[in-house]
Protein chains: 2
Amino acid sequence: MDREDLISREFLARGYKVTKQRRAILSVLDKSEHPLTAEDIYLRIRAENNVSSLATVYRNLKTLVDTGYVVKAGLFEDKVRYRLQNDPHTHNLICLGCKKVIPLSTCPLNCLGETLGEKEGFTVTGHKMELYGYCFECEHKGDQINRK
Amino acid sequence: MDREDLISREFLARGYKVTKQRRAILSVLDKSEHPLTAEDIYLRIRAENNVSSLATVYRNLKTLVDTGYVVKAGLFEDKVRYRLQNDPHTHNLICLGCKKVIPLSTCPLNCLGETLGEKEGFTVTGHKMELYGYCFECEHKGDQINRK
DNA sequence: ATGCGTGCAAAATATTTGCACACGG
DNA sequence: CCGTGTGCAAATATTTTGCACGCAT
């Protein structure tokens, strides 16, 4: 598989090993519609009859975040959650109702970002952005549990 | 003071009280160039000879986040940090070198955001964005501690 | 006066780490 | 084989909560 190959190659190049625990984390995140906590990930791995420990999940999440495959989400959440960085530059629409994440195909900032700091003498190297609101289904459900 | 008045009035209107502990948190955040952890805030309050407890800081941070005066930052940090929401709609340039936060006067998204989700049937109610990079000073310092 | 807010200490959560063994390259 | 990765359990760190008292309105 494309994706797996890429990951394997880059991982190896950096001196990291491709273990079943690391694959399991990526797989679980890939299958999830919304960002997961470390414990969520651990429980799902166990539920699939794969082995791992919470400590390993934490250690690997750190590694995966460092290497850029996973990003932290949780700007408006209580807990720290993680999701795949599917694309080197993707932003998401996040539903406050069902927590569903809908990736945007384009970056609303385009290349604008890099020129933004100019007048402050600031060199912008990146940005993170999440848009949130309500997806069609949640918008049209009368009573939404998660709406405050 | 303008700002204080505003806060007082809104707080009262919502049934919250304006206590010295809450003022202290806002004051400490206001004076800081970069986002602070709950413990940072607690220690700085103590350092200024004001009283508070860590539990109170946590409780009030929650209140202040709920009411929109403070926002969580920590997209690229290890720990959850808090900063003032100076304006109902502000974005910041965050220096990866010295952690300095430079507010942008305009929202790069403008009103674009609200139309972004349209084709997905998604109603965008808000967004959060942080731009990061290096401020002038850090860019021109040869060896930067915090650069990976 | 009333009830929200506070401090303290304890509890509950979340995350990290030491160590001996396992396994990928 | 070698060194990174893992599991377990213990150690830390972080956040929440019960309770009695205090203070803002």
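In the text below, chain A, chain B and the rest are named by the order of the sequence lines, each starting its count at 1. Note that these values count all heavy atoms, side chains included, but never hydrogens, waters or copies made by symmetry. The structure presented is a predicted model; accordingly, all values stated were derived computationally and were not measured.
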Within the structure provided, determine whether A:Asp40 and A:Thr37 are in side-chain contact (heavy-atom separation under 4.5 Å).
yes

Distance check needed: C:dG5 P versus B:Arg23 CZ, whole Å only.
14 Å

ILVMFWY cluster, B:Val71 and B:Leu36 together (side-chain gap under 4.5 Å)
no

How many Å lie between CG on A:Asn50 and C1' on D:dG7, as a whole number?
15 Å

To the side chain of B:Tyr58, which of C:dC8, C:dT16, D:dT14 is closest?
D:dT14

Between A:Gln21 and D:dG7, does any side-chain N or O lie under 4.0 Å from OP1 or OP2?
yes

Nucleotide nearest A:Lys17 (side chain, heavy atoms from C-beta), chosen from C:dC19, C:dG25, D:dT16:
C:dG25

Which nucleotide, D:dA9, D:dT14, C:dT15, lies nearest any side-chain atom of B:Glu39?
D:dT14

Between B:Thr19 and B:Thr56, which residue's closest nucleotide on DNA chain D lies nearer the 5′ terminus?
B:Thr56

Taking NZ from B:Lys62 and P from C:dG5, how many angstroms apart are they, rounded to a whole number?
14 Å

Going from CZ on A:Arg59 to OG on A:Ser53, what distance comes out if it is rounded to the nearest 0.5 angstrom?
6.0 Å

Using a heavy-atom cut-off of 4.0 Å across all strands, would you classify B:Ser52 as base, sugar-phosphate, or nothing?
sugar-phosphate

For residues A:Asp66 and A:Thr63, is any side-chain donor paired with an opposing acceptor at under 3.5 Å?
no

Which part of the nucleic acid, if any, lies within reach of A:Arg22 when heavy atoms closer than 4.0 Å are counted: base, sugar-phosphate only, or nothing?
sugar-phosphate

Checking salt bridge (charged side-chain N to carboxylate O under 4.0 Å, His left out) for the pair B:Arg44/B:Glu39: CA distance, chi angles, key distance, verdict?
CA-CA 8 Å; B:Arg44 289 182 188 210; B:Glu39 186 160 32; over 6 Å; no

Rounded to whole Å, how long is the line connecting atom CG of A:Leu61 with atom P of D:dT6?
11 Å

Looking across every strand, which nucleic acid part, if any, lies under 4.0 Å from A:Lys20 by heavy atom: base, sugar-phosphate, or nothing?
nothing

When the distance from CG of A:Leu54 to P of C:dT16 is rounded to whole Å, what number comes out?
10 Å

To the nearest Å, give me how far apart OH (A:Tyr42) and C1' (C:dA14) are.
15 Å

Quick one: A:Lys79 NZ to C:dA12 P, roughly how many Å, whole number?
15 Å

Can you measure B:Asn60 atom CG to D:dC23 atom C1' for me and round it to whole angstrom units?
14 Å

On DNA chain D, check which nucleotide each of B:Arg59 and A:Val57 is closest to and give me the residue with the more 5' one.
A:Val57

